[in-house]
2 protein chains.
Amino acid sequence: MNNKDIQENRVRSFFIESTKSTIKGEGIKAVSARNIAKDAGYSYATIYNYFTDLKELFTFCIADFIVECRDFVNNAKHPDKASKESFISKSKALCNYFIQYPGIFELIFTEQMVEVRYNEKISADIDLLYNSIFGDEYKRLSKKRDVDISIISELHRSVITGLLSKYLLRRTPSDYREFMLILEQCIKYI
Amino acid sequence: MNNKDIQENRVRSFFIESTKSTIKGEGIKAVSARNIAKDAGYSYATIYNYFTDLKELFTFCIADFIVECRDFVNNAKHPDKASKESFISKSKALCNYFIQYPGIFELIFTEQMVEVRYNEKISADIDLLYNSIFGDEYKRLSKKRDVDISIISELHRSVITGLLSKYLLRRTPSDYREFMLILEQCIKYI
DNA sequence: AAATATAATTAACACTGTTAATATATGCAA
DNA sequence: TTGCATATATTAACAGTGTTAATTATATTT
C-alpha cells in the first residue's frame, strides 16, 4: 500500500469513526452528512471524495460494529462448556450490546441505510458473528434435538432480532429486567 | 357524531387511504407529505389541519393494516383444528401478507415513523393480531409443552418478525421457496 | 518559482417535514 | 341576496436532508 492509499484510508477512517461515535452517542437520527463532516473536521462535500454515498459509509460502520459486538460478547464471562447456561449467558451479552447502543441496532437491523448491493456481505458478516459466538451451542443443540444446525441458528437469530426490535423500537416490554426474563425463557425453550 | 365530525373524518380518511395505497404501491420511500396530499387531492399543508403530524397519520395506517392483515390470514384456508399444520399454514399466510406488501412491514416493524406515545397502542394491536390468529395454536402448544402461553407467543412472534426482517430488508434467503422452507422448519421446531 | 495535479470547500439543486400568513369557501343573520 | 364571521385550504417560507458542480486552496513536480 503506497502513501496515497495510506492517507486515503486515514481520512476515510476519520469519517467512519465520526459516524460511529455519533451513532453511539446521539443515535441514528443525529447522523447527517453535515454532522459527520463537522465532527471529522471536514466539509460535508469531502465525504463524497472518499465514499460514493452515505450508504457506503454506513456499510463500513456496520462491519466495524459487528466486530466490536463479537469482542464485547466474547470478553464477557460465560460458562466454559457449551450448555443451556452458556447459550443464555451469551445471548444476554449480545442483547446487552445493542441495548447499550440502540442506534447500532437500528443501523444494522431496521433502517434501510444500506444499498442493496451490500446486503449479501452484511448478511454473511452477521452469520459469521452468530456462528463464531454460538457455534458450539448450535452444534450441541443440533445433536441433542437431531435438527439441522442451520435451523437452530436461524431460529435463534430470528428470536434475538425480533425480541430486540420489539424492545428497542416499541419499548415493549417497558422494563429491562422483564426483557431479560423473556429472553431467558425463550432460549430455554429452544 | 354531528355533520362537522363526519366531514372531518371523511377528509381524514382521504389522507389515510392515499397514504395506504402509496405504501402498498410504490413503497415507503415514496411517501411524503407532498405526495400524500397530491394523491388525496389537497395541498400538503392541509394534512396538518387533520393530523398533528405525519407520524399520527402513519399510526392510523398501521391500525388499518393490522386489521387487513388479520382478515387476509383468516380468509385463507387452514386446517380446522389447532395443530402443527394449522400453525404452519397460518404463519405462512401471515408472512405472505407482508411479503406481498414489504412497505407495510417496514412501516410497522422497522421504520421509526411512529411517535413514542403510540407505541403502547400499536404493541397492543399487534398482540391482539397474533392472539386472534394463533390463540388456539398457542393454547395447544402451551399445554403440550407445559410452558407459559406468553413465552410461546413471544417466541413465535419474534421468529416471524426476525425472519421477515432478514428476508425483506436483507433479501436473505434470496429465494421465496427457501424462505418458506425455513419458516416451516422453524415453526415445526417450536 | 511556475505549472500541474490533488484535495477540500462553497454554492446550488431538489428534496423533506412543518409552520405562519394568506386566500378561498362556507354558514348565517339581516 | 348581501354582508359578515367562521372555517377550511392554499401558498410562501424555514430549516433541514443527500448529493453534485464549480471553485478555491493545497501539495507535488518540473
Side-chain angles (χ1 to χ4, degrees), chain A residues 1-19 22-23 26-62 103 106-107 110-118, chain B residues 1-19 22-23 26-62 103 106-107 110-118:
Chain A
M1 198 153 59
N2 58 33
N3 276 354
K4 195 191 153 194
D5 287 345
I6 291 174
Q7 287 169 25
E8 252 189 53
N9 278 337
R10 185 159 35 225
V11 178
R12 226 190 296 274
S13 82
F14 289 157
F15 287 116
I16 294 171
E17 290 306 318
S18 157
T19 309
T22 305
I23 290 174
E26 295 106 87
I28 210 119
K29 283 177 294 298
V31 173
S32 76
R34 266 97 174 164
N35 270 353
I36 293 167
K38 189 192 273 181
D39 271 30
Y42 286 95
S43 167
Y44 48 87
T46 309
I47 294 172
Y48 296 90
N49 293 332
Y50 295 88
F51 304 92
T52 64
D53 53 23
L54 288 188
K55 295 180 179 209
E56 196 192 30
L57 171 53
F58 293 148
T59 305
F60 281 98
C61 294
I62 289 178
E106 287 180 52
L107 174 72
T110 75
E111 288 273 351
Q112 215 128 19
M113 291 185 137
V114 160
E115 203 59 58
V116 185
R117 68 177 177 281
Y118 301 121
Chain B
M1 197 155 60
N2 58 31
N3 276 354
K4 195 190 155 193
D5 288 344
I6 291 173
Q7 287 168 26
E8 251 190 53
N9 278 338
R10 186 159 32 224
V11 177
R12 225 189 298 272
S13 81
F14 289 157
F15 286 115
I16 295 171
E17 291 304 319
S18 158
T19 309
T22 304
I23 291 174
E26 294 106 85
I28 211 121
K29 284 175 295 297
V31 173
S32 77
R34 266 95 172 167
N35 272 352
I36 293 165
K38 190 193 272 183
D39 271 29
Y42 286 94
S43 167
Y44 49 85
T46 309
I47 294 172
Y48 297 89
N49 293 332
Y50 294 89
F51 304 92
T52 63
D53 53 24
L54 288 188
K55 293 179 180 212
E56 195 191 31
L57 171 54
F58 294 147
T59 306
F60 281 98
C61 293
I62 289 177
E106 287 180 51
L107 175 74
T110 77
E111 289 273 352
Q112 214 128 18
M113 292 184 135
V114 158
E115 203 60 59
V116 184
R117 68 176 177 281
Y118 301 122

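Here is how names work: the chains are called A, B, and so on, in the same order as the sequence lines, proteins then strands, and each is numbered from 1.
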Rounded off to whole Å, could you give me the [atom1]-to-[atom2] distance for the [X] and [N] pair?
X: B:Met113; N: C:dT16; atom1: CE; atom2: C1'; value: 11 Å
X: A:Ile47; N: C:dA7; atom1: CD1; atom2: P; value: 17 Å
X: A:Asp53; N: D:dG18; atom1: CG; atom2: C1'; value: 9 Å
X: B:Arg12; N: D:dT8; atom1: CZ; atom2: P; value: 11 Å
X: A:Phe15; N: C:dA8; atom1: CZ; atom2: P; value: 8 Å
X: A:Lys29; N: D:dG18; atom1: NZ; atom2: P; value: 14 Å
X: B:Tyr50; N: D:dT10; atom1: OH; atom2: C1'; value: 13 Å
X: A:Asn35; N: D:dG18; atom1: CG; atom2: P; value: 9 Å

Quick one: pull up CD1 in B:Ile62 and OG1 in B:Thr19 and give me the separation to the nearest 0.5 Å.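 B:Ile62 CD1 to B:Thr19 OG1: 11.5 Å, rounded to 0.5 Å.
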Separation of A:Thr22 OG1 from A:Glu17 CD (nearest 0.5 Å):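 If we round to the nearest 0.5 Å, A:Glu17:CD and A:Thr22:OG1 are 10.5 Å apart.
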In a table with atom names and distances, give each donor-acceptor pair under 3.5 Å that connects a side chain of residues 46-61 of chain B to protein atoms at least two apart or in another chain.
from, atom 1, to, atom 2, distance (Å)
B:Thr46, OG1, B:Ser43, O, 3.3
B:Asp53, OD1, B:Lys55, N, 3.2
B:Asp53, OD1, B:Glu56, N, 3.0
B:Glu56, OE1, B:Thr52, N, 2.8
B:Thr59, OG1, B:Lys55, O, 2.8

Per-nucleotide protein contact along nucleotides 19-24 of chain C, 5' to 3', at a 4.0 Å heavy-atom cut-off (B base, S sugar-phosphate only, - neither), is BB----
What's A:Ser43 touching, base or sugar-phosphate or nothing? Going by heavy atoms closer than 4.0 Å. base
Does A:Phe51 reach a base, just sugar-phosphate, or nothing at all? Heavy atoms under 4.0 Å. nothing
Give me the atom names and distance for the closest heavy-atom approach of A:Phe15 to A:Ala40. CD2-CB, 3.8 Å
Looking at the side chain of [X], which of [options] is the nearest nucleotide?
X: A:Arg34; options: C:dA12, C:dT18, C:dA8; answer: C:dA12
X: A:Tyr42; options: D:dA9, D:dT17, C:dA8; answer: C:dA8
X: A:Leu54; options: C:dT10, D:dT19, C:dT16; answer: D:dT19
X: A:Asn49; options: C:dT16, D:dT10, C:dT9; answer: C:dT9

Show me the donor-acceptor pairs within less than 3.5 Å that the side chains of residues 26-34 of chain B make with the rest of the protein, sequence neighbours left out.
from, atom 1, to, atom 2, distance (Å)
B:Ser32, OG, B:Asn35, N, 3.2

